[in-house]
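Quantities reported herein were computed from a predicted structural model and do not represent experimental measurements.
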Amino acid sequence: MSRLGRDHYARDTLEVAPALLGCTLVHAGPDGVTSGRIVEVEAYQGEDDPACHAAAGRTGRTEVLYGQPGHAYIYLIYGMYYCLNAVTRAQGLPSAVLIRALEPLEGLDRMRGRRFARARRRTPVVDRDLANGPGKLCDALGLTLEHNRLDLTGDTLWIEAGVPPAEIAWSPRVGIKVGTERLWRCFDPESPYVSRTRLNHEVASEPSPVMS
DNA sequence: GTACAGATAAACT
DNA sequence: GTTTATCTGTACA
């Protein structure tokens with residue numbers, strides 16, 4: 001499958017998000033390749049989106065969101081986990097797609113090792129739990145702050161075209177306290193690798209409210 | 001199956 | 001000093 005070019009990311013975030021479902025996220029790290037099929041994402045679009053980190057304006061952390069689309073935005077959350085986004089839209093329009101869950105494809109043993117190695121882990125990790133959450137997938141793929149701002153059209157971290165899911169479901173975004181009225185999380189309702197959440201039942205067939 | 005507490009540090013005010 | 005786009009183990013149904 002072919003690597004997604006910058007034009008794929010340089011669109012409205014609500015177009016890019018569903019288009020990433022079924023694509024393959026690949027990390028070619030120093031100790032091998034790990035990859036997975038994207039089955040769940042969320043859109044964060046602009047300073048007017050209260051849940052977007054850019055709602056607070058341009059800061060050191062959000063600077064990458066204002067830059068060229070097709071770059072990685074990675075941040076530390078709750079002092080312990082990393083979250084990976086793909087910057088979308090255009091320079092000056094801070095927007096991104098949060099990659100929330102993967103179906104593991106390549107490097108399963110390495111993913112199991114990384115996930116188990118986390119200090120607080122005391123039980124083995126079943127394959128379904130390797131990357132079914134934004135923090136888990138960064139752990140499984142070995143992504144940290146050092147990968148922040150990487151160009152996704154480069155040869156370290158990229159996304160390849162894939163087979164889109166038969167259906168796409170939309171729900172409120174997870175873990176936020178503002179902007180929950182926007183159904184901007186989308187996922188493959190047939191995938192067992194989607195993150196475990198009761199929001200999976202509050203679904204619609206379109207994002208709403210649709211605004212840009 | 002659901003509910004809750006606690007871990008933990010960068011970025012921000 | 002406060003906030004946070006999470007995850008895990010434990011408790012209970």
Trainee: Counting heavy atoms from C-beta on, name the nucleotide in B:dT13, C:dC7, B:dA9 closest to the side chain of A:Leu76.
Mentor: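 Minimum distance to the A:Leu76 side chain belongs to B:dA9.
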Trainee: State which of B:dT13, C:dT4, C:dT6 makes the closest approach to the side chain of A:Lys177.
Mentor: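 Closest nucleotide among those given: C:dT4.
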Trainee: Measure from the side chain of A:Tyr78, starting at C-beta and using heavy atoms only, and say which of B:dA7, B:dT2, C:dT6 lies closest.
Mentor: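 Closest nucleotide to the A:Tyr78 side chain: C:dT6.
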Trainee: Just by distance, no angles: are the side chains of A:Ser191 and A:Glu103 close enough, under 3.5 Å, to form a donor-acceptor pair?
Mentor: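 Per modelled atom types, A:Ser191 and A:Glu103 side chains form no pair under 3.5 Å.
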Trainee: Count the heavy atoms belonging to other residues, nucleotides or ligands that lie under 6.0 Å from CG of A:Asp31, then report whether that count exceeds 12.
Mentor: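 Enclosed: over 12 neighbouring heavy atoms sit under 6.0 Å from CG of A:Asp31.
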Trainee: By nearest atom, which of the nucleotides B:dC12, C:dT6, B:dA7 is closest to the A:Tyr81 side chain?
Mentor: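 Selected nucleotide (nearest to the side chain): C:dT6.
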Trainee: Answer with yes or no whether A:Tyr75 presents, from its side chain, a donor or acceptor under 3.5 Å of a partner atom in the base of B:dA10.
Mentor: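 Looking at the base of B:dA10, it does not pair with any donor or acceptor on the side chain of A:Tyr75 (distance under 3.5 Å).
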Trainee: Flag the pair A:Asp139 and A:Lys136 as a salt bridge only when some basic side-chain nitrogen lies within less than 4.0 angstrom of an acidic carboxylate oxygen.
Mentor: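 Salt bridge absent between A:Asp139 and A:Lys136.
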Trainee: Taking the minimum atom-to-atom distance to the side chain of A:Thr59, which one of C:dC7, B:dC12, B:dA10 wins?
Mentor: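 In terms of side-chain proximity for A:Thr59, the closest of C:dC7, B:dC12, B:dA10 is B:dC12.
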Trainee: Using a cut-off of less than 4.0 Å, is there contact between a side-chain N or O of A:Arg196 and OP1 or OP2 of B:dA3?
Mentor: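 No, because none of the side-chain N or O atoms of A:Arg196 sits under 4.0 Å from OP1 or OP2 of B:dA3.
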Trainee: Out of C:dC7, C:dA5, B:dT8, which has the shortest distance to the side chain of A:Lys136?
Mentor: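 When the side chain of A:Lys136 is considered, C:dC7 is the closest of C:dC7, C:dA5, B:dT8.
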Trainee: Could you spell out the base pairing of DNA chain B as a dot-bracket line? Use Watson-Crick and G-U wobble contacts where both distances are under 3.5 Å, [ ] for crossing pairs, | for partners on a different strand.
Mentor: |||||||.||||.
Trainee: Taking the nucleotide of DNA chain C with the closest heavy atom to each, which residue, A:Asp129 or A:Gly175, is nearer the 5' end?
Mentor: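 Between the two, 5'-proximity favours A:Gly175.
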